[in-house]
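Since the structure comes first, as structure tokens, the remarks are kept for the end.
Chain letters run A, B, ... following the sequence lines, proteins first and then strands; every chain starts at 1.
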Amino acid sequence: MLDELELQSGFARRWLLDSPMMSRDEEIAAAYDELRRFNRFIGQVEKTYIDTLLFKLQGLKDIRTTIKNLKHGATLDDIELFEVKHLAILAADVSKLLAQHDMSGVVEIPPVDEVIDILDPDGMRIATFYIYDSYCAQLKDLRVQMRQNPGQQDELLLQAGELEEGVRRDLSTRLSPLATNIENALVALARIDVLMAKALQMNRLGLTFPALSHDGTSHYKAMFHPQVKEALKKHGRDFQPVDISYGKEPTLITGANMGGKTVVLKTLTLCQYLFQFGFGIPAASATIAVRDEIHFCIGDEQSVEKGLSSFAAEMKNIDAVIKASRENKKMLALIDEPARTTNPTEGAALVTALLGVLAGKDMSLIMTTHYDIDPRGARCLRVKGFENGEMDYRLEEVQNGEVPHEALNIAQSLGIDPEWIDRARELLMNPPANKENDKH
Amino acid sequence: MSIVGLEKNTGKTECLKYVLDNLPVESKRIAVTSIGIDGETVDQVTRTQKPEISLRQGMYFGTSEMHYRQRRLVSELIDVSDETTSLGRVVTAKALTGGKILLSGPSSSNSLRRWMRDMRRHDIDLVIIDGALSRLSSASPAVSQSLILATGAAYSANLTTLVSKTAHVVDLVNLELTSERNINTLMPLEKGVWFIDKSGELKELDAVTSLSRDIHFEGMDDCETLYVAGALVDGFLEKVRKNKSLRQVELVVRDFTKIFVAPQQFRLFIKAGGRISVLQRSKLIAVTVNPTSPSGYVLDSDTLCDRLSEAIGLPVYDLLKNNR
């Protein structure tokens with residue numbers, strides 16, 4: 001989603017990547033209020049107006065080093081002074097553009113007129129810079145002489161150089177007290193870039209504004225995964241949206257292979273992050289609870305560098321969830337098929353036990369599994385599954401966690417070798433005599 | 001417009017100076033920059049040796065932050081770009097007095113193209129690129145529309161060899177454009193070897209590049225156009241020449257900078273009736289010569305100019321002699 005965000009400046013991207021995740025209700029509510037204003041704004045104004053604003057924002061450069069130098073009382077050189085002037089004029093231009101549509105107060109751009117006045121002595125209002133003649137009469141004379149006597153240029157340049165340095169010192173001294181304003185203007189422009197990009201992304205991808213949940217439960221109607229939806233669209237297929245709710249009670253999702261369980265977990269994780277970074281949410285409507293921590297454990301990551309097998313890597317990840325749950329953090333944990341790579345007997349035991357360990361903690365747990373386990377204390381959701389040759393990806397609430405036995409049908413529909421499937425079917429009907437097959 | 005030298009000391013800088021001194025700066029907006037060799041090592045190693053260029057009042061220029069700080073003229077900063085070189089970012093400025101500047105512009109063709117795109121905002125009429133040393137790629141039509149070639153005794157001290165080696169480069173620059181239909185079809189293809197058959201159908205050859213050793217021209221009896229998106233090399237050209245079914249084929253390359261073929265091999269191909277054309281072409285404006293080699297060997301300027309001019313059918317200038 002971040003890559004799909006059409007930011008105009010590299011600095012806005014860096015600023016966004018450096019911002020911490022929000023975890024307070026008021027903070028998130030304020031962020032969405034801002035975004036709502038921008039969303040309404042882009043819906044109201046002409047496209048050419050938006051293009052002008054975006055084009056302006058392309059000129060935003062990261063000049064934090066220059067600002068730091070200014071704060072420390074250094075004498076800025078021509079390039080640094082140019083950067084400051086360029087930013088100040090950009091801030092003034094963007095302010096003016098936004099003011100035309102009553103958007104001034106949404107993101108506060110500090111006043112920069114004084115900065116412009118210092119660096120634009122002739123009142124040209126163009127974002128170019130040099131040590132202007134009008135800063136120093138003596139300098140002006142020298143330059144006239146230079147043009148008249150190119151032969152003496154080097155000597156004249158030397159004299160002019162000293163005068164120019166004096167002007168730079170003076171300009172830097174006058175700008176220094178304004179450094180904080182300049183810095184705030186830089187950040188404000190980055191925020192405007194980000195908000196414009198988020199608002200445009202909401203329209204492009206059909207995202208919604210979420211409501212804040214205050215009771216710890218989260219609800220999504222017609223939730224979708226933007227990238228998967230896009231990929232399906234390329235193949236002429238539609239993404240089937242999913243409705244899902246969860247609270248403090250652990251949620252267990254079962255269902256056939258290829259039933260989209262992992263996509264549900266990934267989408268929920270994505271939505272939670274989007275929410276806590278103030279993005280539009282991919283759903284028809286959503287009410288989301290703020291969490292302190294988000295844990296997403298997908299079983300198939302191997303940690304080769306650490307020399308861990310996929311099982312070991314998974315166990316370590318889930319271990320981190322358990323440890324965090326003991327610290328009473330409001331947490332959202334999404335665990336995809338825990339212990340999937342081990343044998344079914346121990347695997348089922350591990351999953352049942354995990355449910356027991358995490359139940360009753362101040363957290364939301366959503367877990368998928370293929371194992372037949374005891375679902376006591378958990379809410380069970382099942383993918384509707386394979387019907388009439390088609391997969392129904394919607395979720396339905398069921399009373400027990402019994403897993404569907406659809407693997408063979410699905411394999412068959414994939415056109416897998418019939419001898420293999422038939423033999424498996426036969427084995428299910430007539431289990432080999434020497435193997436115990438009951439379960440408790 | 002690019003100015004490229006076929007070898008160090010062929011008078012590229014003299015040529016640039018001559019051009020800058022004689023352009024009508026009052027009526028045209030002119031910008032000048034240079035392209036460093038990819039990887040920039042040469043710029044760094046030779047930065048003290050890099051000659052200063054005299055700019056006239058009103059000219060725009062692109063150079064690195066470091067060289068901007070060392071400028072010996074009064075200039076107004078127009079832009080500080082995101083393109084970086086080993087000497088800092090590329091800055092663009094306008095000369096407010098005449099004076100000297102070290103040029104070190106964008107360090108790759110792509111960043112140069114981006115820089116030129118940004119220059120459009122300033123209504124520049126002509127961008128002059130001081131090309132990288134003995135790197136024709138900086139004169140690619142993808143970057144510049146026209147070029148001036150600097151050659152001389154430093155490239156070869158033997159008059160006949162110098163004329164024939166230079167004429168080869170000129171032949172490549174002057175290769176004809178292929179048909180408009182071919183340009184439209186082939187321009188988007190950035191890699192691989194492709195051919196178009198008589199029915200106009202485009203097919204890709206299995207060999208990935210013309211460098212591949214096991215290229216087989218099979219099932220290509222009705223091939224009309226053969227397109228090499230990447231580099232064209234000796235071995236490939238020889239195979240095409242020796243393949244009877246490809247006698248009438250038009251061989252197309254992207255532009256002359258993609259041809260890495262020995263003059264001998266190229267001549268054999270043309271002699272056998274082969275045709276080579278390009279998707280993009282730059283206009284060769286002139287060839288300049290420096291008859292003096294760094295080792296002190298001097299060719300006769302008039303003979304050199306005459307012989308070369310005869311061989312390439314274009315005016316040839318010895319700028320130093322004419323200026324003397």
Exceeds 12 heavy-atom contacts within 6.0 angstrom, atom CD of A:Glu114: no

Distance in Å, B:Asp82 CG paired with A:Gln58 CD, rounded so as to fall on 0.5 Å steps: 10.5 Å

Whether over 12 other heavy atoms sit under 6.0 Å from A:Lys56 NZ: no

Leading residue by heavy atom contact count with chain B [cutoff under 4.5 Å; candidates A:Asp154, A:Leu156, A:Thr128]: A:Thr128

Exam field: side chain B:Arg72 to backbone A:Gln153, donor-acceptor pair closer than 3.5 Å: no

Spatial distance of atom CG (A:Leu157) from atom OG1 (B:Thr97) [nearest 0.5 Å]: 6.5 Å

Interchain contact, B:Val80 with chain A, by part (heavy-atom threshold 4.5 Å): both

Spatial distance of atom CZ (B:Arg121) from atom CZ (A:Phe55) [nearest 0.5 Å]: 3.5 Å

Nearest heavy-atom neighbours spanning A:Tyr130 and B:Val74: CD1-CG1, 4.3 Å

Region of B:Ser54 in contact with chain A, defined by heavy-atom distances below 4.5 Å: neither

Separation of B:Arg69 CZ from A:Ile79 CD1 (nearest 0.5 Å): 4.0 Å

Between A:Met146, A:Glu164, A:Glu83, A:Arg147, the one whose heavy-atom pairs under 4.5 Å with chain B are most numerous: A:Arg147

Structural part of A:Asp62 lying under 4.5 Å from a heavy atom of chain B: neither

Min side-chain heavy-atom separation A:Arg143-B:Leu96 under 4.5 Å: no

Residue B:Gln145 excluded, over 12 heavy atoms near CD under 6.0 Å: no

Chain A contact via B:Arg56 - which portion, at a heavy-atom distance below 4.5 Å: neither

NZ/A:Lys68: more than 12 non-hydrogen atoms of other groups inside 6.0 Å: no

Heavy atoms of other groups near A:Gln138 CD, more than 12 under 6.0 Å: no

B:Asp79 CG to A:His86 NE2 distance, which is reported to the nearest 0.5 Å: 6.5 Å

Crowding at CD, A:Glu46 (>12 non-hydrogen neighbours, <6.0 Å): no

Nearest-0.5 Å distance, CD1 of residue B:Ile78 to CZ of residue A:Phe129: 12.5 Å

Engaged part of A:Ala127 at the chain B interface, taking heavy atoms whose separation is under 4.5 Å: backbone

Residue A:Lys61 versus chain B: region with a heavy atom under 4.5 Å: side chain

Residue pair A:Asp77, B:Glu65: steps toward the side chain to side chain contact (heavy atoms under 4.5 Å, CB included) verdict: CA-CA 11 Å; A:Asp77 68 15; B:Glu65 281 180 84; over 6 Å; no

